[in-house]
Amino acid sequence: MTHSDFSGSRLLSPLAEPVQVSWQSPSNIALVKYWGKTGQQLPLNPSLSMTLSEAYTETILSALPRETEGPVELGFWFEGLPHASFGNRMTKFLETVTEIFPWLQQVNLKLETHNTFPHSAGIASSASAFSALALCLCSLDAVLCGILLDEDEFRFKASYIARLGSGSACRSVYPGFTVWGAARAVPGFSDLAAVPVTEVHRDFKSLKDTIIIVSRNEKPVSSSDGHKRMKGHPFAEARIKQAVNNTAELLEAIKTGDKQTFIRIVENEAFTLHALMMTSEDGFMLMQPETVRIISRIQELRKETGLDICFTLDAGPNIHLLYFADQSEQVRKLIVEELLKNNEQNLRIDDYCGSGPVKIT
Ligand code: DP6
């Protein structure tokens, strides 16, 4: 499948009045990590994530009448204020999808977004932002050009578009658990867009994720730069194999409710991500001393208490603590009394496995 399979229509006559659509779309946390890309935003390895609930972006996209056709014209508003640097990234992205949405060059666009979570809090804002925008584009396409798709086609197309903006965003268009990337061991998955995981054990449907903030400073190396360092990485081939196996094993654990396998793989993936960063050319480290203290304590507490807790890390120092609903009272107590004790930020965000994006009417 290529861009041209999604080629869309132009407006037959100039837009007479503004048309507006709006979506809320959540962030997601990767359990098997996407790290390294090739071609046009294609992943080197499969990844598996959980869509969050409380951490989401709300986006309003308006198409406004325009007199002459030309390059994409976008006004971008973030948290109620114009924002030039985010706006430039969004404009660049829109320019890459004009073949799919030719009408983008026939209207003026206004994009207004708002996040429910603080910036640089260890929550992937590009995932929620680009998935919300992709969903808005597909909805506007339906209104302006009458492109009608069934629900599965609509989501797949939105996921394909979101991927072009930010890889991890393609996983946010679905609820629950999602896989992106053609895992050889598992048929039905694609590098072009994510697909939902359909077999989920009931214990996993209410999985919790508390994000423990260690630092809110800008990261010294962005994810986009990090991905580039997988090119020629001495461990790349082994990493791809490991991610394929971890995806297959994690899918089975999520299906059967095997918590011990889940914990083993999720922590193995978090350590692997950071080990790949450290062992790349121009190696770098995003963990901080407080990150190491907290993840070590989580592993000790698991042994001491027998609770089914584990951690994962994104490309940053903040910690995602994962646990199950039936143990959440005990775990929340440990978070306050043990993990956040003496932590300078003393800041956490309680989230959980979410039900996916919502269209606002
Ligand atoms: C470590 O999706 O932010 O969070 O495709 O360049 O936008 P771009 O990168 P991005 O990378 C996310 C990397 C990760 C792991 C993951 O979410 O799978």
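Ligands are counted one by one from 1 in listed order, and the atoms in each one are counted from 1 as well. Just the heavy atoms: all of them, side chains too, but no hydrogens, waters or symmetry mates, feed the values below. Counting from 1, the numbers follow the sequence of the chain as shown.
In this structure, Gly226 and Val221 approach most closely via the heavy-atom pair N-CG1, 4.0 Å. Closest heavy-atom contact between Leu313 and Ala270: N-CB, 3.6 Å.
When the options Asp209, Leu339, Asp350 are evaluated for a side-chain contact (heavy atoms from CB on, under 4.5 Å) with Leu321, the one that passes is Leu339. Each of Ile298, Thr312, Thr210 was evaluated against Ile319; a single residue qualifies, Ile298, per the side-chain contact (heavy atoms from CB on, under 4.5 Å) test.
From the protein, the heavy atom lying nearest to atom 14 (C) of ligand 1 is Asp314 OD1, 3.6 Å. Nearest protein heavy-atom neighbour of atom 11 (O) of ligand 1: His227 NE2, 2.9 Å. In terms of protein heavy-atom proximity, atom 15 (C) of ligand 1 is closest to Tyr34 O, 3.4 Å. In terms of protein heavy-atom proximity, atom 8 (P) of ligand 1 is nearest to Lys37 NZ, 3.6 Å.
Of the listed residues (Arg171, His274, Met277, Lys33), the one carrying the non-hydrogen atom nearest atom 17 (O) of ligand 1 is Arg171.
Residue contact check: Ala315 has heavy atoms under 4.0 Å from atoms 1 (C) of ligand 1. Under a 4.0 Å criterion applied to the non-hydrogen atoms of Ala30, ligand 1 contributes the atoms 16 (C), 17 (O), 18 (O). The atoms of ligand 1 that sit less than 4.0 Å from any heavy atom of Gln41 are 5 (O). Each of the atoms 3 (O) of ligand 1 lies under 4.0 Å from some heavy atom of Ser126. Close contacts between ligand 1 and Ser168 involve ligand atoms 2 (O), 3 (O), 10 (P), 17 (O) [criterion: under 4.0 Å to a heavy atom]. Residue contact check: Arg89 has heavy atoms under 4.0 Å from atoms 7 (O) of ligand 1.
Remark: ligand 1 and Ser224 share an N or O pair separated by less than 3.5 Å (distance only, no angle test). For a threshold of 3.5 Å applied to N or O pairs, the pair formed by Trp35 and ligand 1 contains no separation below that value.
Taking the six-membered ring for Trp and the full ring otherwise, His83 and Trp77 have centroids separated by 6.0 Å or more. Ring to ring, Phe324 and Phe204 are close: their centroids are under 6.0 angstrom apart.
The pair Glu290-Arg293 counts as a salt bridge, with a side-chain nitrogen and a carboxylate oxygen less than 4.0 angstrom apart.
Proximity of Ser166 to ligand 1, defined as any heavy-atom pair under 4.0 Å, is shared by backbone and side chain alike.
Using 4.0 Å as the threshold, Glu269 has no heavy atom nearer than that to any atom of ligand 1. Not a single heavy atom of Arg163 sits under 4.0 Å from any atom of ligand 1.
A cation-pi contact, defined as under 6.0 Å to the ring centre and within 45° of the axis, links Arg163 to Tyr160.
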Give the intermediate values and the outcome of side-chain contact (heavy atoms from CB on, under 4.5 Å) for residues Gln106 and Leu15. CA-CA 8 Å; Gln106 298 177 282; Leu15 189 65; over 6 Å; no
